Participant: 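Take a look at this one; I'll ask things after.
In what follows, every chain begins at residue 1, and chains take the letters A, B, ... in the order their sequences are listed. All values reported here derive from a predicted model rather than from experimental measurement.
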Amino acid sequence: MADASTSAKGDLKLTNLTKSYGEFKAVDDLSLVIPEGSFFALLGPSGCGKTTTLRMIAGLEEPTSGKISIGATDITDKRPYQRPVNTVFQNYALFPHLTIFENIAFGLRRRGIKDVKEQVDKVLNLVELPHLADRKPTQLSGGQQQRIAVARAIVNRPALLLLDEPLGALDLKLRRQMQIELKWIQTEVGLTFVHVTHDQEEAMTMADTIAVMNEGRIEQMGSPAELYDNPKTAFVANFLGQSNLIEGSIVDSDGDYHVVDLHGQKAKVLKSRTHSKNNSVLYAIRPEKLRIDLDNQSRPGNRFTGGRIVDVSYIGVSTQYQVEMPWKQEIMVFEQNDDGVPPLDKGDEVTLSWEPSFSFALDGAQDATAGSEVNPEEE
Amino acid sequence: MKTLTRWFSRNLIRIYMVLGFTYLFIPVAYTFVFSFNDYIKSNLVWRGFTFNNWKNPCGVLDVCPALGNSMKIGLLATFIATILGTLIAFALGRYAFKGRAVTNTLIFLPMASPELVLGASLLTIFLNLGMNLGFWTIVIAHVMFCISFVVVTVKARIASLDPRLEQAAMDLYADERETFRRVTFPLVAPGIAGAALLAFSLSFDDFIITNFNSGTTITFPLYVYTHAERGLPAQANVIGSAMFFLALLIVVAGQIVGKKVKVGK
Amino acid sequence: MAAVVRTSGAATSELKKKSLVPYFLLAPGLIWLALFFVAPIITLVSTATKTPGVGIGEFVQTYRWANYLDAITGSAAQFSRSFLYATIATLLALAIAYPLAYGIAFKSGKYKNILLVLVVAPFFCSFILRTIAWKQILGQNGPLFRLLLDLHIVSDTTHLTASAPAVIIGLAYNFLPFMTLPLYGSLERIDPRVLEASGDLYANAFTTFRKVTVPLSMPGVVAGTLLTFIPATGDYVNAEILGNPSTKMIGNVINAQFLNTQDYPLAASLSFILMIIISVLVMIYIRKAGTEELV
């Protein structure tokens with residue numbers, strides 16, 4: 001069984017990968033390299049093609065065109081069982097008729113490995129569930145099943161571990177705990193993890209590199225901080241966290257900065273963080289980067305005047321404000337409750353200010369709401 | 001008074017269930033009770049309690065050979081129908097192919113036809129072909145009407161299988177054959193067992209189709225029917241009751257074993 | 001539904017699309033059905049238009065379509081009686097089985113499996129034996145009759161057996177498990193939270209039952225009524241054992257024509273008419289009920 005392809009090692013390389021169902025292109029000419037040993041996340045709303053991509057890598061779906069290779073080995077036409085790839089399935093897909101031990105031993109036995117018992121015990125210890133070896137999957141809790149599913153895959157030491165929404169079925173608290181655990185296991189075993197998720201927080205907590213997918217293509221790829229602080233498209237800006245996007249146009253230059261006219265008010269944005277081909281831009285600033293003050297006060301940096309608070313939600317650590325601007329757009333502001341000052345009231349006239357280097361500017365030709373309408377919980 | 005009406009309305013369903021089950025079991029209970037009747041000639045009037053009928057179930061002419069025929073036919077028909085039906089169920093549940101609609105119709109029609117029509121039409125073809133009616137024509141007929149029930153039962157089981165389980169097996173280095181052997185088949189097996197049990201009970205209990213195609217061969221239902229006029233021996237009740245308890249035992253044992261397997265060691 | 005299943009299993013079905021394997025799997029069973037179901041039905045249809053030949057018991061094909069007309073006019077009463085009895089028996093079985101299935105699905109807790117087994121259990125005690133048992137229970141010497149006599153509900157001259165009600169009770173009884181199981185199947189699938197939601201939205205128990213439970217259990221009702229109605233229409237055993245000459249159903253006529261009179265063309269045309277009427281009724285019924293996912 002252990003031929004050249006199952007023992008392949010190296011970076012995963014997808015070249016012009018396409019999957020179409022009739023007219024519909026689920027994955028559209030996708031090319032990317034995932035370095036060996038990294039924790040990589042494919043992030044996107046449901047139907048964006050991330051799961052199809054994962055299934056093609058696993059061999060469970062045939063690409064319409066394109067190439068998949070690991071290191072120097074082309075695995076595009078290999079059957080699932082001929083690839084050095086293992087998957088942690090959504091809902092785990094543990095074999096209900098086999099014990100936990102036999103579930104984990106399944107892959108080892110198929111490959112004719114000798115010291116099955118030893119290896120299974122080792123991986124059971126790694127996931128801290130050695131006492132469950134003789135149970136059946138249905139007798140385990142969701143979190144335990146999840147860990148067994150990971151154990152069943154990593155015991156084979158694949159070149160690549162694929163995780164298909166592995167934490168989707170768990171409740172929030174357990175999900176947080178498992179995020180940390182998965183990350184720890186990944187560093188412990190040193191395998192390449194490719195993680196598919198629609199949960200931006202999950203992707204940001206665990207992955208070294210995130211590729212944000214939309215409509216079969218990669219919108220942007222980079223480290224979590226890069227994607228959050230300097231998104232290149234409205235979709236990424238809205239899908240990872242929240243953004244205020246204001247229509248405007250570049251009217252002047254000031255050293256490293258562009259000066260942008262926003263409905264009659266001026267603001268600056270770094271040239272290096274401007275991603276527009278012409279002067280028409282969507283000026284973007286994250287809600288937590290904005291400061292909110294009553295009209296008579298002033299602070300350094302850029303500012304908008306003439307805002308009026310239309311909604312206040314107090315949520316403990318912070319207060320969220322909806323501020324209506326003179327041009328009738330509502331701007332969202334998150335204010336940390338760290339100064340002991342009581343929240344402002346609905347109807348207050350306010351000034352918003354911010355550090356210009358925190359802002360970014362996107363191409364003005366896009367839909368400003370792209371990526372914000374999708375409900376990430378929807379599957 | 002008020003509490004009584006409330007108790008009544010709250011337990012209405014339960015009361016109804018008791019009545020429903022009573023209705024279901026009255027004839028079975030009657031058959032069982034009269035299997036102990038110390039009858040003379042016809043088992044119609046209660047004459048006193050005896051174990052004699054149970055001690056000597058083959059004590060009347062023809063009853064045990066009839067039972068033997070039913071058993072042989074039942075086992076043979078079940079065996080053939082289960083294999084043929086399971087193959088069809090796998091084709092329908094696991095493959096995309098042309099002619100699916102025709103196949104589905106062909107499976108559905110025998111279940112939707114009155115037994116009388118099935119039996120009668122088989123008789124016309126056996127007569128036209130000049131075949132001798134008897135043991136084998138009964139087996140052929142029973143296989144024919146059992147196939148559909150096997151297909152439906154096994155197909156339902158296959159459809160309820162999570163396709164990810166088979167994908168997981170393939171992902172874990174099992175090729176197509178190993179995947180079928182280690183995952184698909186063990187998971188579908190309870191459905192196949194259920195289908196076989198159903199096929200056997202349908203075959204064992206069939207009267208109408210058998211009656212058309214039996215020639216001179218007598219099965220247990222045929223024996224009961226033909227002797228009902230002249231008075232049925234209590235041995236028939238013994239066999240009927242014994243089959244009932246045997247089947248109950250098998251089903252209950254199957255459930256317990258199933259539960260044990262589920263719970264593990 | 002099928003489409004959903006197919007996309008989630010896309011990989012498997014996609015890989016197995018162009019293979020000949022399914023045809024090998026289908027062939028043995030379908031050949032069996034072609035030889036012993038389709039061919040017999042065709043023979044039956046061709047026998048129906050034959051007329052007596054020279055020899056005794058010999059029939060030749062003359063395409064006498066009037067055989068069908070003769071069959072209908074000769075047995076119109078038995079035909080209509082069959083459908084009447086089967087309809088009443090089906091409704092009766094539905095009335096008995098629905099609460100039973102409802103109770104098993106929602107009120108039986110850990111006894112669910114045992115109760116389900118008990119529903120099917122009477123099957124294993126021969127169908128003919130049980131029908132004969134009914135005859136004797138209802139008969140003049142039977143325990144039920146004695147009890148009713150003592151209670152002065154019946155008199156010595158009353159007959160419980162050899163009557164239309166006895167035949168109908170027998171039919172309803174015999175096919176009760178066929179009714180109960182599909183009903184249970186669709187009731188059991190109802191999420192109890194849906195029923196609670198209905199209560200939460202100001203529906204009382206009865207309204208909840210009428211507006212939520214019943215519509216959701218419709219697939220079971222359709223399957224159950226069909227599985228009862230079809231065999232009940234073609235049955236002749238109940239009418240034979242529990243009835244009298246004036247309760248004869250079409251099954252009795254066909255049976256007698258085939259096995260006693262041996263007028264095969266008449267028997268064949270009667271069978272074919274029965275099959276056609278049932279098919280038409282079933283199709284209308286399925287249309288009306290709006291369920292086509294029976295198999």
Side-chain angles (χ1 to χ4, degrees), chain A residues 1-3 5-6 51 54-55 57-61 78-113 132-140 149 152-156 158 160-162 164-165, chain B residues 82 86 89-90 93-98 100 153-197 251 253-265:
Chain A
M1 269 296 173
D3 60 10
S5 55
T6 52
T51 297
L54 191 87
R55 291 172 60 87
I57 300 171
L60 300 171
E61 207 111 15
K78 296 284 180 208
R79 307 284 294 123
Y81 47 84
Q82 292 165 331
R83 302 179 182 216
V85 175
N86 289 116
T87 309
V88 176
F89 285 81
Q90 202 176 1
N91 301 334
Y92 324 128
L94 296 177
F95 304 125
H97 60 302
L98 300 178
T99 60
I100 296 307
F101 184 94
E102 285 304 323
N103 260 283
I104 298 175
F106 195 92
L108 299 174
R109 292 203 198 281
R110 301 290 84 71
R111 287 187 300 146
I113 304 281
L132 297 181
D134 293 331
R135 303 265 183 94
K136 287 284 177 75
T138 45
Q139 296 169 280
L140 270 55
R152 184 176 72 170
I154 60 176
V155 73
N156 299 294
L160 201 61
L161 184 77
L162 307 177
D164 184 6
E165 303 269 8
Chain B
T82 306
T86 303
F90 269 105
R94 275 291 174 268
Y95 291 90
F97 61 91
K98 273 189 192 141
R100 174 176 287 272
T153 315
V154 178
K155 204 177 91 178
R157 180 81 191 181
I158 294 174
S160 72
L161 262 193
D162 185 348
R164 278 175 294 209
L165 290 173
E166 286 165 294
Q167 292 168 8
M170 296 254 255
D171 186 62
L172 293 165
Y173 313 103
D175 57 21
E176 284 83 356
R177 254 192 60 209
E178 284 283 286
T179 301
F180 183 81
R181 206 165 79 98
R182 308 269 171 195
V183 175
T184 317
F185 189 76
L187 290 175
V188 177
I192 299 175
L197 196 65
V251 174
Q255 291 241 335
I256 292 170
V257 170
K259 214 164 258 173
K260 271 234 172 99
V261 170
K262 237 185 226 166
V263 175
K265 297 164 220 171

Participant: How would you list all residue pairs meeting salt bridge (charged side-chain N to carboxylate O under 4.0 Å, His left out) that involve residues 181-191 of chain B, not counting sequence neighbours?
Facilitator: B/E178-B/R181, B/E178-B/R182

Participant: Dump the intermediate steps for side chain to side chain contact (heavy atoms under 4.5 Å, CB included) on A/N86 and B/Y173, then the final yes or no.
Facilitator: CA-CA 9 Å; A/N86 289 116; B/Y173 313 103; 2.9 Å; yes

Participant: Please flag which part of B/D162 lies under 4.5 Å from any non-hydrogen atom of chain A: side chain, backbone, both or neither.
Facilitator: neither

Participant: With rounding to the nearest 0.5 Å, note down the distance linking CZ in A/R110 to CE in B/M170.
Facilitator: 14.0 Å

Participant: So for A/L162, is it side chain, backbone, both, or neither that comes closer than 4.5 Å to the heavy atoms of chain B?
Facilitator: neither

Participant: Given a strict heavy-atom distance threshold of 4.5 Å, which part of A/R109 is in contact with chain B: side chain, backbone, both, or neither?
Facilitator: neither

Participant: Could you grab the distance from atom CG of A/D164 to atom CZ of B/R164, nearest 0.5 Å is fine?
Facilitator: 8.0 Å

Participant: Tell me, for A/F95 versus chain B, whether the close heavy atoms (under 4.5 Å) come from the side chain, the backbone, both or neither.
Facilitator: both

Participant: Starting from the C-alpha separation in whole Å, work towards a yes-or-no answer on side chain to side chain contact (heavy atoms under 4.5 Å, CB included) for B/E176 and A/Y81.
Facilitator: CA-CA 9 Å; B/E176 284 83 356; A/Y81 47 84; 2.6 Å; yes

Participant: Identify the heavy atoms of B/A174 and A/F106 that sit nearest to each other, and give their distance.
Facilitator: CB-CE2, 3.8 Å

Participant: In the structure I gave you, are the side-chain heavy atoms of A/P96 and B/L165 within less than 4.5 Å of one another anywhere?
Facilitator: yes

Participant: Who among B/T179, B/V183, B/L172 has the most heavy-atom pairs with chain A under 4.5 Å?
Facilitator: B/L172

Participant: Please name the pair of heavy atoms, one in B/A168 and one in A/A93, separated by the smallest distance, quoted to 0.1 Å.
Facilitator: CB-O, 3.9 Å

Participant: Counting only non-hydrogen atoms closer than 4.5 Å, does B/L187 touch chain A with its backbone (N, CA, C, O), its side chain (CB onward), both, or neither?
Facilitator: side chain

